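Each remark here refers to the structure printed beneath this line.
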Amino acid sequence: MRPERRRAFVTPASRPRLRRHVRLQFDPVRNAWALLSPERVFWPDEVSLDILRRCDGQATMGEMVSALAAEYDADEREVAADVTAFLQEWTDNLLVTL
Amino acid sequence: MTDDLLPPIGMLAELTHRCPLQCPYCSNPIELMKADREMDTGSWLDLFDQAADLGVLQVHLSGGEPTLRRDLEEMVSKLSARKVYTNLITAGVGIGEGRIEALAAAGLDHVQLSLQGTNPGTTELIGHYKGGFEKKLETARRVRAAGLPLTINAPIHRHNIEEVPRFIELAQELDAERLEIANVQYSGWALVNRDALMPERAAVERQADIVEEARERLRGVLNIDFVTPDYFAIYPKPCMGGWARDAFVIAPDGGILPCHAARTIPWLEFERFGEFDLAEIWANSSALNAFRGTGWMQEPCRSCERRELDWGGCRCQAMAIAGDAAATDPACMKSPLHARMRQFAEIPHQAESAGFHYRRIGAKPV
Ligand code: SF4
Ligand code: SF4
(Lines give C-alpha, C1' and ligand atoms only; values in the text may rest on other atoms or scores of the structure.)
(Ligands and ions follow the chains in the order given, each with its own letter.)
Protein backbone atom coordinates (compact mmCIF):
# COMPACT_ATOMS: atom_id res chain seq x y z
CA MET A 1 0.00 0.00 0.00
CA ARG A 2 1.19 3.48 -0.72
CA PRO A 3 1.31 5.97 2.14
CA GLU A 4 -1.52 8.46 2.15
CA ARG A 5 -0.53 11.80 0.68
CA ARG A 6 -0.52 14.76 2.99
CA ARG A 7 -0.02 18.45 2.48
CA ALA A 8 3.61 19.33 3.19
CA PHE A 9 4.65 22.55 4.94
CA VAL A 10 7.82 24.48 4.26
CA THR A 11 10.26 24.77 7.19
CA PRO A 12 13.87 26.00 7.31
CA ALA A 13 14.98 22.35 7.29
CA SER A 14 13.02 21.43 4.13
CA ARG A 15 15.06 20.44 1.12
CA PRO A 16 12.86 21.52 -1.77
CA ARG A 17 13.19 19.87 -5.13
CA LEU A 18 11.27 20.20 -8.40
CA ARG A 19 8.92 17.31 -8.86
CA ARG A 20 9.87 14.65 -11.32
CA HIS A 21 7.27 15.72 -13.82
CA VAL A 22 8.35 19.37 -13.69
CA ARG A 23 11.18 20.60 -15.87
CA LEU A 24 13.08 23.84 -15.88
CA GLN A 25 14.79 24.41 -19.21
CA PHE A 26 16.10 27.20 -21.35
CA ASP A 27 14.03 27.91 -24.42
CA PRO A 28 16.27 29.13 -27.23
CA VAL A 29 13.29 30.24 -29.36
CA ARG A 30 12.07 32.77 -26.78
CA ASN A 31 15.44 33.28 -25.15
CA ALA A 32 13.92 32.64 -21.72
CA TRP A 33 13.70 30.00 -19.01
CA ALA A 34 10.56 27.90 -19.12
CA LEU A 35 9.14 25.65 -16.46
CA LEU A 36 7.19 22.79 -17.98
CA SER A 37 4.44 20.99 -16.08
CA PRO A 38 1.61 18.68 -17.14
CA GLU A 39 -0.86 21.33 -18.23
CA ARG A 40 1.04 24.57 -18.11
CA VAL A 41 4.20 26.31 -19.08
CA PHE A 42 5.42 28.95 -16.62
CA TRP A 43 7.81 31.78 -17.41
CA PRO A 44 9.47 32.48 -14.05
CA ASP A 45 10.86 35.96 -13.48
CA GLU A 46 14.43 36.49 -12.34
CA VAL A 47 13.75 36.13 -8.63
CA SER A 48 11.55 33.05 -9.02
CA LEU A 49 14.20 31.55 -11.25
CA ASP A 50 16.86 32.13 -8.59
CA ILE A 51 14.71 30.24 -6.09
CA LEU A 52 13.66 27.43 -8.43
CA ARG A 53 17.21 26.76 -9.55
CA ARG A 54 18.22 26.18 -5.98
CA CYS A 55 15.48 23.57 -5.52
CA ASP A 56 17.84 20.65 -6.03
CA GLY A 57 16.85 18.47 -3.09
CA GLN A 58 20.28 19.19 -1.49
CA ALA A 59 20.13 22.72 -0.16
CA THR A 60 17.83 23.39 2.78
CA MET A 61 15.39 26.23 2.72
CA GLY A 62 17.51 27.96 5.38
CA GLU A 63 20.64 27.72 3.25
CA MET A 64 18.75 28.98 0.22
CA VAL A 65 17.54 31.99 2.17
CA SER A 66 21.05 32.90 3.38
CA ALA A 67 22.45 32.60 -0.11
CA LEU A 68 19.67 34.68 -1.63
CA ALA A 69 19.88 37.34 1.07
CA ALA A 70 23.61 37.66 0.42
CA GLU A 71 23.16 37.77 -3.31
CA TYR A 72 20.44 40.41 -3.21
CA ASP A 73 21.98 42.22 -0.26
CA ALA A 74 18.61 41.99 1.49
CA ASP A 75 17.31 41.40 4.99
CA GLU A 76 17.33 37.69 5.75
CA ARG A 77 14.00 37.71 7.58
CA GLU A 78 12.24 39.37 4.67
CA VAL A 79 13.80 36.98 2.20
CA ALA A 80 12.78 34.06 4.42
CA ALA A 81 9.16 35.20 4.46
CA ASP A 82 9.06 35.66 0.69
CA VAL A 83 10.79 32.39 -0.11
CA THR A 84 8.61 30.46 2.32
CA ALA A 85 5.43 31.86 0.82
CA PHE A 86 6.68 31.17 -2.70
CA LEU A 87 7.71 27.60 -1.98
CA GLN A 88 4.54 26.85 -0.03
CA GLU A 89 2.49 27.92 -3.03
CA TRP A 90 4.58 25.85 -5.41
CA THR A 91 4.39 22.88 -3.04
CA ASP A 92 0.62 23.22 -2.79
CA ASN A 93 0.45 23.28 -6.58
CA LEU A 94 2.41 20.03 -6.60
CA LEU A 95 5.28 21.49 -8.58
CA VAL A 96 7.84 21.37 -5.78
CA THR A 97 8.28 18.59 -3.22
CA LEU A 98 9.87 19.02 0.21
CA MET B 1 -4.01 41.04 -37.61
CA THR B 2 -0.76 39.14 -37.36
CA ASP B 3 1.41 42.02 -36.15
CA ASP B 4 2.45 40.18 -33.04
CA LEU B 5 2.49 36.60 -34.14
CA LEU B 6 3.78 34.47 -31.28
CA PRO B 7 5.39 31.07 -31.64
CA PRO B 8 3.08 28.27 -30.52
CA ILE B 9 3.70 26.72 -27.09
CA GLY B 10 1.35 23.77 -27.18
CA MET B 11 0.16 21.27 -29.72
CA LEU B 12 -2.63 18.74 -29.42
CA ALA B 13 -1.84 15.88 -31.76
CA GLU B 14 -4.83 13.76 -32.72
CA LEU B 15 -2.74 10.83 -33.86
CA THR B 16 -5.76 8.79 -34.90
CA HIS B 17 -9.53 8.88 -34.75
CA ARG B 18 -9.67 5.16 -34.03
CA CYS B 19 -10.77 4.34 -30.50
CA PRO B 20 -12.11 1.24 -28.76
CA LEU B 21 -14.59 3.43 -26.89
CA GLN B 22 -17.65 5.22 -28.26
CA CYS B 23 -18.25 8.09 -25.86
CA PRO B 24 -21.26 10.13 -26.98
CA TYR B 25 -19.46 13.39 -26.08
CA CYS B 26 -16.26 12.71 -27.97
CA SER B 27 -14.63 15.92 -29.17
CA ASN B 28 -13.59 14.32 -32.44
CA PRO B 29 -15.48 15.47 -35.52
CA ILE B 30 -18.65 13.69 -36.62
CA GLU B 31 -16.87 12.67 -39.82
CA LEU B 32 -14.22 10.43 -38.32
CA MET B 33 -11.20 9.50 -40.43
CA LYS B 34 -10.29 5.92 -41.09
CA ALA B 35 -6.77 4.61 -40.52
CA ASP B 36 -5.80 5.01 -44.18
CA ARG B 37 -5.94 8.80 -43.88
CA GLU B 38 -3.53 8.98 -40.94
CA MET B 39 -0.07 10.42 -41.53
CA ASP B 40 2.75 7.91 -41.57
CA THR B 41 5.49 7.70 -38.98
CA GLY B 42 8.00 9.71 -40.98
CA SER B 43 5.60 12.62 -41.43
CA TRP B 44 4.77 12.73 -37.74
CA LEU B 45 8.45 12.69 -36.78
CA ASP B 46 9.17 15.44 -39.27
CA LEU B 47 6.26 17.45 -37.91
CA PHE B 48 7.55 17.07 -34.34
CA ASP B 49 10.97 18.32 -35.41
CA GLN B 50 9.44 21.36 -37.08
CA ALA B 51 7.20 21.98 -34.08
CA ALA B 52 10.19 21.97 -31.73
CA ASP B 53 12.07 24.34 -34.04
CA LEU B 54 9.09 26.66 -34.11
CA GLY B 55 8.91 26.83 -30.30
CA VAL B 56 6.41 24.16 -29.27
CA LEU B 57 7.28 23.08 -25.72
CA GLN B 58 4.42 20.75 -24.95
CA VAL B 59 2.74 18.07 -27.02
CA HIS B 60 -0.44 16.31 -25.99
CA LEU B 61 -0.55 12.94 -27.70
CA SER B 62 -4.20 12.29 -28.14
CA GLY B 63 -6.78 10.77 -30.48
CA GLY B 64 -9.05 8.80 -30.62
CA GLU B 65 -6.84 6.41 -28.74
CA PRO B 66 -3.17 7.29 -29.34
CA THR B 67 -1.83 3.94 -28.14
CA LEU B 68 -3.41 2.36 -31.23
CA ARG B 69 -0.48 3.88 -33.12
CA ARG B 70 2.24 1.30 -32.88
CA ASP B 71 4.86 3.97 -33.56
CA LEU B 72 3.92 5.93 -30.44
CA GLU B 73 7.18 5.01 -28.68
CA GLU B 74 9.16 6.40 -31.62
CA MET B 75 7.19 9.63 -31.46
CA VAL B 76 7.80 9.99 -27.73
CA SER B 77 11.54 9.33 -28.21
CA LYS B 78 11.73 12.01 -30.86
CA LEU B 79 9.91 14.58 -28.75
CA SER B 80 11.91 13.70 -25.68
CA ALA B 81 15.16 14.11 -27.61
CA ARG B 82 13.95 17.58 -28.60
CA LYS B 83 13.17 18.35 -24.93
CA VAL B 84 9.48 18.72 -25.68
CA TYR B 85 7.18 17.86 -22.78
CA THR B 86 4.95 14.89 -23.65
CA ASN B 87 1.53 14.19 -22.24
CA LEU B 88 -0.27 11.01 -23.26
CA ILE B 89 -4.05 11.36 -23.29
CA THR B 90 -5.47 7.86 -23.19
CA ALA B 91 -8.72 6.02 -22.56
CA GLY B 92 -6.63 3.26 -20.96
CA VAL B 93 -8.19 0.15 -22.50
CA GLY B 94 -6.44 -2.34 -24.73
CA ILE B 95 -2.91 -1.12 -23.98
CA GLY B 96 -0.64 -4.10 -24.52
CA GLU B 97 1.63 -5.60 -21.87
CA GLY B 98 4.86 -3.64 -21.47
CA ARG B 99 3.81 -0.62 -23.49
CA ILE B 100 3.45 1.85 -20.68
CA GLU B 101 6.87 0.84 -19.43
CA ALA B 102 8.26 1.25 -22.96
CA LEU B 103 6.70 4.70 -23.26
CA ALA B 104 8.18 5.68 -19.90
CA ALA B 105 11.57 4.45 -21.07
CA ALA B 106 11.17 6.48 -24.27
CA GLY B 107 10.88 9.61 -22.12
CA LEU B 108 7.15 10.14 -21.68
CA ASP B 109 6.54 12.88 -19.10
CA HIS B 110 2.93 12.50 -18.02
CA VAL B 111 -0.23 10.46 -18.52
CA GLN B 112 -3.80 11.68 -18.54
CA LEU B 113 -6.32 8.88 -18.21
CA SER B 114 -10.00 9.44 -18.92
CA LEU B 115 -12.62 7.85 -16.69
CA GLN B 116 -16.20 7.80 -17.92
CA GLY B 117 -17.58 6.83 -14.53
CA THR B 118 -16.56 5.62 -11.08
CA ASN B 119 -18.06 2.15 -11.49
CA PRO B 120 -18.44 -0.46 -14.25
CA GLY B 121 -22.07 0.49 -14.94
CA THR B 122 -21.58 4.16 -15.80
CA THR B 123 -18.28 3.46 -17.55
CA GLU B 124 -19.91 0.92 -19.85
CA LEU B 125 -23.00 3.05 -20.44
CA ILE B 126 -20.83 5.90 -21.73
CA GLY B 127 -17.87 4.15 -23.34
CA HIS B 128 -19.97 1.26 -24.70
CA TYR B 129 -17.13 -1.12 -23.97
CA LYS B 130 -17.43 -4.19 -21.77
CA GLY B 131 -14.93 -4.44 -18.94
CA GLY B 132 -13.64 -0.93 -19.57
CA PHE B 133 -13.64 0.18 -15.95
CA GLU B 134 -11.42 -2.66 -14.69
CA LYS B 135 -8.99 -2.08 -17.57
CA LYS B 136 -8.77 1.61 -16.78
CA LEU B 137 -7.94 0.93 -13.14
CA GLU B 138 -5.27 -1.49 -14.26
CA THR B 139 -3.83 1.16 -16.60
CA ALA B 140 -3.72 3.68 -13.76
CA ARG B 141 -1.85 1.18 -11.63
CA ARG B 142 0.66 0.48 -14.39
CA VAL B 143 1.22 4.18 -15.02
CA ARG B 144 2.08 4.78 -11.38
CA ALA B 145 4.18 1.62 -11.18
CA ALA B 146 6.20 2.93 -14.12
CA GLY B 147 6.87 6.07 -12.09
CA LEU B 148 4.80 8.32 -14.31
CA PRO B 149 2.65 11.12 -12.89
CA LEU B 150 -1.06 10.69 -13.48
CA THR B 151 -3.98 12.99 -14.16
CA ILE B 152 -7.52 11.62 -14.10
CA ASN B 153 -9.82 13.31 -16.58
CA ALA B 154 -13.53 12.98 -15.82
CA PRO B 155 -15.87 14.42 -18.45
CA ILE B 156 -19.04 15.36 -16.56
CA HIS B 157 -22.64 15.28 -17.77
CA ARG B 158 -26.08 14.30 -16.53
CA HIS B 159 -25.26 10.60 -16.18
CA ASN B 160 -22.27 10.95 -13.88
CA ILE B 161 -22.56 14.36 -12.25
CA GLU B 162 -23.66 12.76 -8.98
CA GLU B 163 -20.44 10.71 -9.02
CA VAL B 164 -18.20 13.77 -8.61
CA PRO B 165 -17.47 13.05 -4.90
CA ARG B 166 -16.52 9.50 -5.82
CA PHE B 167 -14.28 10.74 -8.67
CA ILE B 168 -12.42 12.80 -6.09
CA GLU B 169 -11.90 9.76 -3.84
CA LEU B 170 -11.01 7.50 -6.74
CA ALA B 171 -8.37 9.90 -8.07
CA GLN B 172 -6.67 9.74 -4.68
CA GLU B 173 -6.95 5.95 -4.50
CA LEU B 174 -5.31 5.76 -7.91
CA ASP B 175 -2.50 8.01 -6.64
CA ALA B 176 -3.20 10.73 -9.19
CA GLU B 177 -1.81 14.20 -8.66
CA ARG B 178 -4.39 15.96 -10.75
CA LEU B 179 -8.06 15.50 -11.39
CA GLU B 180 -9.94 17.30 -14.11
CA ILE B 181 -13.64 17.63 -13.44
CA ALA B 182 -14.40 18.66 -16.98
CA ASN B 183 -17.99 19.48 -17.80
CA VAL B 184 -18.65 18.38 -21.33
CA GLN B 185 -18.17 21.01 -24.02
CA TYR B 186 -20.96 20.79 -26.52
CA SER B 187 -19.16 20.45 -29.82
CA GLY B 188 -18.54 17.41 -32.00
CA TRP B 189 -20.47 14.35 -30.84
CA ALA B 190 -21.50 16.12 -27.64
CA LEU B 191 -23.53 18.62 -29.64
CA VAL B 192 -25.40 15.78 -31.35
CA ASN B 193 -26.08 14.25 -27.93
CA ARG B 194 -26.66 17.49 -26.08
CA ASP B 195 -30.17 16.76 -24.89
CA ALA B 196 -29.16 13.35 -23.57
CA LEU B 197 -26.12 14.74 -21.74
CA MET B 198 -27.24 18.08 -20.31
CA PRO B 199 -27.22 18.06 -16.50
CA GLU B 200 -29.82 19.82 -14.39
CA ARG B 201 -29.07 23.19 -12.90
CA ALA B 202 -29.42 21.97 -9.30
CA ALA B 203 -26.86 19.24 -9.93
CA VAL B 204 -24.47 21.74 -11.53
CA GLU B 205 -24.71 23.97 -8.48
CA ARG B 206 -24.14 21.07 -6.08
CA GLN B 207 -21.12 20.04 -8.11
CA ALA B 208 -19.57 23.50 -7.85
CA ASP B 209 -19.87 23.40 -4.04
CA ILE B 210 -18.43 19.91 -3.84
CA VAL B 211 -15.43 20.83 -5.98
CA GLU B 212 -14.78 24.01 -4.06
CA GLU B 213 -14.85 22.18 -0.72
CA ALA B 214 -12.59 19.40 -2.00
CA ARG B 215 -10.08 21.83 -3.45
CA GLU B 216 -9.70 23.50 -0.09
CA ARG B 217 -9.51 20.22 1.82
CA LEU B 218 -7.04 18.60 -0.60
CA ARG B 219 -4.70 21.54 -1.11
CA GLY B 220 -1.20 20.21 -1.64
CA VAL B 221 -2.53 16.66 -2.06
CA LEU B 222 -4.64 16.64 -5.21
CA ASN B 223 -4.94 19.43 -7.76
CA ILE B 224 -8.48 19.68 -9.01
CA ASP B 225 -9.05 21.50 -12.29
CA PHE B 226 -12.65 22.49 -12.77
CA VAL B 227 -13.86 23.03 -16.32
CA THR B 228 -17.16 24.76 -15.71
CA PRO B 229 -20.20 24.13 -17.92
CA ASP B 230 -20.64 26.85 -20.54
CA TYR B 231 -24.40 26.49 -20.66
CA PHE B 232 -24.66 27.64 -17.05
CA ALA B 233 -21.96 30.30 -17.24
CA ILE B 234 -22.10 34.09 -17.52
CA TYR B 235 -18.78 34.51 -19.31
CA PRO B 236 -17.22 32.24 -21.92
CA LYS B 237 -13.89 30.47 -21.64
CA PRO B 238 -10.85 31.61 -23.57
CA CYS B 239 -11.12 28.72 -25.99
CA MET B 240 -7.60 27.29 -26.61
CA GLY B 241 -6.28 30.44 -24.90
CA GLY B 242 -7.34 32.45 -27.95
CA TRP B 243 -7.71 31.34 -31.56
CA ALA B 244 -4.29 30.27 -32.91
CA ARG B 245 -2.58 32.37 -30.26
CA ASP B 246 -0.18 29.93 -28.66
CA ALA B 247 -1.60 26.47 -29.36
CA PHE B 248 -3.09 24.42 -32.16
CA VAL B 249 -4.52 21.02 -33.01
CA ILE B 250 -3.26 18.66 -35.66
CA ALA B 251 -5.72 16.14 -37.10
CA PRO B 252 -4.73 12.56 -38.00
CA ASP B 253 -4.27 13.52 -41.67
CA GLY B 254 -2.00 16.44 -40.82
CA GLY B 255 -4.66 19.14 -41.00
CA ILE B 256 -3.65 22.12 -38.86
CA LEU B 257 -6.60 23.47 -36.88
CA PRO B 258 -6.93 26.22 -34.26
CA CYS B 259 -9.10 23.86 -32.17
CA HIS B 260 -10.58 20.40 -32.57
CA ALA B 261 -14.03 21.70 -33.57
CA ALA B 262 -12.90 24.26 -36.15
CA ARG B 263 -14.05 22.14 -39.08
CA THR B 264 -17.64 22.98 -38.07
CA ILE B 265 -17.06 26.47 -39.49
CA PRO B 266 -17.88 25.64 -43.09
CA TRP B 267 -16.08 28.43 -44.93
CA LEU B 268 -12.68 27.89 -43.31
CA GLU B 269 -10.01 26.13 -45.33
CA PHE B 270 -7.30 24.24 -43.52
CA GLU B 271 -3.82 23.45 -44.75
CA ARG B 272 -2.27 20.09 -44.26
CA PHE B 273 1.21 19.51 -42.90
CA GLY B 274 3.29 18.21 -45.79
CA GLU B 275 1.70 20.55 -48.31
CA PHE B 276 3.52 23.33 -46.48
CA ASP B 277 5.98 23.57 -43.61
CA LEU B 278 4.52 24.05 -40.17
CA ALA B 279 6.05 27.53 -39.79
CA GLU B 280 4.40 28.67 -43.03
CA ILE B 281 1.02 27.31 -41.96
CA TRP B 282 1.29 28.84 -38.50
CA ALA B 283 1.98 32.27 -39.97
CA ASN B 284 -0.09 32.28 -43.14
CA SER B 285 -3.03 29.90 -42.87
CA SER B 286 -6.18 31.84 -43.65
CA ALA B 287 -8.10 29.72 -41.13
CA LEU B 288 -5.60 30.45 -38.35
CA ASN B 289 -5.61 34.13 -39.22
CA ALA B 290 -9.42 34.34 -39.43
CA PHE B 291 -9.93 35.00 -35.71
CA ARG B 292 -6.46 35.76 -34.41
CA GLY B 293 -6.22 38.65 -31.99
CA THR B 294 -9.17 41.01 -31.66
CA GLY B 295 -9.41 42.71 -35.07
CA TRP B 296 -12.22 40.42 -36.30
CA MET B 297 -14.50 41.17 -33.36
CA GLN B 298 -17.94 42.73 -33.56
CA GLU B 299 -19.81 44.40 -30.74
CA PRO B 300 -20.19 43.71 -27.86
CA CYS B 301 -16.74 42.05 -27.84
CA ARG B 302 -14.99 44.80 -29.80
CA SER B 303 -15.25 47.35 -27.00
CA CYS B 304 -15.37 44.92 -24.06
CA GLU B 305 -12.67 45.11 -21.39
CA ARG B 306 -12.51 41.29 -21.27
CA ARG B 307 -11.65 40.90 -24.94
CA GLU B 308 -8.05 39.89 -24.26
CA LEU B 309 -9.08 37.68 -21.34
CA ASP B 310 -11.49 35.38 -23.11
CA TRP B 311 -10.90 36.42 -26.75
CA GLY B 312 -14.65 36.47 -27.31
CA GLY B 313 -15.01 32.82 -26.31
CA CYS B 314 -15.48 29.87 -28.61
CA ARG B 315 -15.90 30.53 -32.34
CA CYS B 316 -17.40 27.10 -32.90
CA GLN B 317 -20.05 27.68 -30.23
CA ALA B 318 -20.85 31.02 -31.87
CA MET B 319 -21.19 29.15 -35.18
CA ALA B 320 -23.36 26.41 -33.70
CA ILE B 321 -25.76 28.66 -31.79
CA ALA B 322 -25.58 32.10 -33.43
CA GLY B 323 -24.94 30.78 -36.93
CA ASP B 324 -22.08 33.29 -37.20
CA ALA B 325 -18.54 32.28 -36.28
CA ALA B 326 -17.60 35.93 -35.65
CA ALA B 327 -20.42 36.51 -33.15
CA THR B 328 -19.92 36.79 -29.40
CA ASP B 329 -19.93 33.33 -27.82
CA PRO B 330 -23.52 32.90 -26.59
CA ALA B 331 -22.13 31.60 -23.28
CA CYS B 332 -21.45 35.29 -22.57
CA MET B 333 -24.25 37.14 -20.83
CA LYS B 334 -23.62 40.10 -23.16
CA SER B 335 -24.59 38.01 -26.18
CA PRO B 336 -28.12 38.62 -27.46
CA LEU B 337 -28.40 34.83 -27.74
CA HIS B 338 -27.42 34.11 -24.16
CA ALA B 339 -31.02 33.48 -23.06
CA ARG B 340 -31.54 31.13 -25.96
CA MET B 341 -28.47 29.12 -24.97
CA ARG B 342 -29.80 28.89 -21.44
CA GLN B 343 -32.97 27.39 -22.83
CA PHE B 344 -31.00 24.58 -24.42
CA ALA B 345 -29.92 23.71 -20.91
CA GLU B 346 -33.46 23.65 -19.56
CA ILE B 347 -35.53 22.04 -22.33
CA PRO B 348 -34.11 18.49 -22.20
CA HIS B 349 -35.49 17.90 -18.73
CA GLN B 350 -38.99 18.72 -19.77
CA ALA B 351 -38.96 16.19 -22.58
CA GLU B 352 -37.09 13.17 -21.14
CA SER B 353 -34.14 12.56 -23.37
CA ALA B 354 -33.58 10.10 -26.16
CA GLY B 355 -30.76 7.55 -26.20
CA PHE B 356 -27.20 8.29 -27.25
CA HIS B 357 -25.76 8.47 -30.72
CA TYR B 358 -22.61 6.53 -29.94
CA ARG B 359 -19.43 7.71 -31.60
CA ARG B 360 -18.50 5.33 -34.40
CA ILE B 361 -16.56 5.62 -37.60
CA GLY B 362 -19.04 5.74 -40.44
CA ALA B 363 -22.00 6.17 -38.07
CA LYS B 364 -22.81 9.72 -38.99
CA PRO B 365 -26.04 10.66 -37.23
CA VAL B 366 -28.75 12.34 -39.26
S1 SF4 C 1 -13.85 10.71 -25.77
FE2 SF4 C 1 -14.17 8.47 -25.65
S3 SF4 C 1 -14.53 7.86 -27.78
FE4 SF4 C 1 -13.60 9.92 -27.86
S5 SF4 C 1 -11.44 9.51 -28.05
FE6 SF4 C 1 -11.86 9.75 -25.87
S7 SF4 C 1 -12.21 7.64 -25.13
FE8 SF4 C 1 -12.36 7.59 -27.37
S1 SF4 D 1 -18.54 40.54 -24.78
FE2 SF4 D 1 -17.04 39.30 -25.83
S3 SF4 D 1 -15.08 39.87 -24.91
FE4 SF4 D 1 -16.70 40.65 -23.56
S5 SF4 D 1 -16.97 39.05 -22.01
FE6 SF4 D 1 -18.44 38.63 -23.64
S7 SF4 D 1 -17.38 37.23 -25.03
FE8 SF4 D 1 -15.83 38.15 -23.71
Side-chain angles (χ1 to χ4, degrees), chain A residues 1-45 48-49 51-53 55-57 61 83-98, chain B residues 6-10 51-60 79-80 82-89 104 107-112 141 143-151 153 171-180 182 215-225 227 241 246-247 279:
Chain A
M1 286 303 283
R2 74 193 163 78
E4 198 184 325
R5 281 224 190 101
R6 284 180 198 284
R7 184 178 179 196
F9 291 94
V10 178
T11 70
S14 313
R15 294 178 198 273
R17 162 168 68 76
L18 292 182
R19 280 197 179 244
R20 209 199 103 148
H21 62 273
V22 173
R23 237 167 38 217
L24 186 61
Q25 70 190 39
F26 188 74
D27 170 20
V29 173
R30 296 166 188 83
N31 206 21
W33 285 87
L35 188 121
L36 310 184
S37 76
E39 277 302 304
R40 279 187 66 186
V41 176
F42 297 84
W43 301 98
D45 62 20
S48 310
L49 198 56
I51 301 174
L52 291 170
R53 275 188 174 142
C55 293
D56 57 4
M61 226 279 291
V83 174
T84 305
F86 177 92
L87 287 176
Q88 188 62 51
E89 191 188 326
W90 281 66
T91 305
D92 286 345
N93 289 331
L94 302 172
L95 296 164
V96 165
T97 170
L98 302 175
Chain B
L6 302 168
I9 294 175
D53 290 341
L54 192 57
V56 168
L57 295 172
Q58 221 163 16
V59 169
H60 304 278
L79 289 165
S80 169
R82 297 296 315 260
K83 291 169 75 186
V84 175
Y85 198 97
T86 47
N87 176 25
L88 176 69
I89 301 183
L108 185 65
D109 287 301
H110 178 264
V111 176
Q112 177 181 316
R141 202 192 54 72
V143 166
R144 294 298 296 124
L148 289 165
L150 175 68
T151 290
N153 168 269
Q172 292 173 264
E173 289 163 21
L174 297 176
D175 201 22
E177 281 173 358
R178 289 181 69 249
L179 168 65
E180 294 179 352
R215 268 180 164 170
E216 195 51 45
R217 177 168 46 89
L218 298 174
R219 183 186 305 257
V221 176
L222 178 71
N223 275 347
I224 307 180
D225 260 21
V227 180
D246 63 16

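What you see is a predicted model; the values in this text were computed from it and never measured.
Side-chain contact between A/F86 and A/L52: present, with at least one pair of heavy atoms (C-beta onward) separated by less than 4.5 Å. Inter-residue side-chain proximity for A/L36 and A/Q25 is flagged as met; some heavy-atom pair is nearer than 4.5 Å. Between B/V143 and B/L174, every side-chain heavy-atom pair lies at or beyond the 4.5 Å cut-off.
For the pair B/K83 and A/D27, the salt-bridge criterion is not met [side-chain N within less than 4.0 Å of a carboxylate O].
Ring geometry for A/H21 against B/H110 counts as tilted: the plane angle lies between 30° and 60°, on a 0 to 90° scale.
Within the 4.5 angstrom heavy-atom criterion, atoms from both the backbone and the side chain of A/E39 approach chain B. With a 4.5 Å cut-off on non-hydrogen atoms, B/D246 does not touch chain A at all. When heavy atoms are compared at a cutoff of 4.5 Å, B/D109 approaches chain A by way of both its backbone and its side chain. For B/E177, the parts sitting under 4.5 Å from any heavy atom of chain A are the backbone and the side chain alike. In this structure, no portion of B/L6 lies under 4.5 Å from any heavy atom of chain A. Proximity to chain A (any heavy atom under 4.5 Å) is shown, for B/P7, by both the backbone and the side chain. Only the backbone of B/L54 comes within less than 4.5 Å of a heavy atom in chain A; its side chain stays farther off.
Applying the 6.0 Å contact sphere to CZ of A/R40 captures no more than 12 heavy atoms from other residues, nucleotides or ligands.
Donor-acceptor pairing under 3.5 Å is lacking for the side chains of B/H60 and B/Q112.
When atom types are taken as modelled, the side chain of A/E89 and the backbone of A/T84 share no donor-acceptor pair closer than 3.5 angstrom.
At a heavy-atom separation below 4.5 angstrom, chain B is approached by A/R19, A/R20 within residues 11-20 of chain A.
A cation-pi contact, defined as under 6.0 Å to the ring centre and within 45° of the axis, is absent between A/R30 and A/W43.
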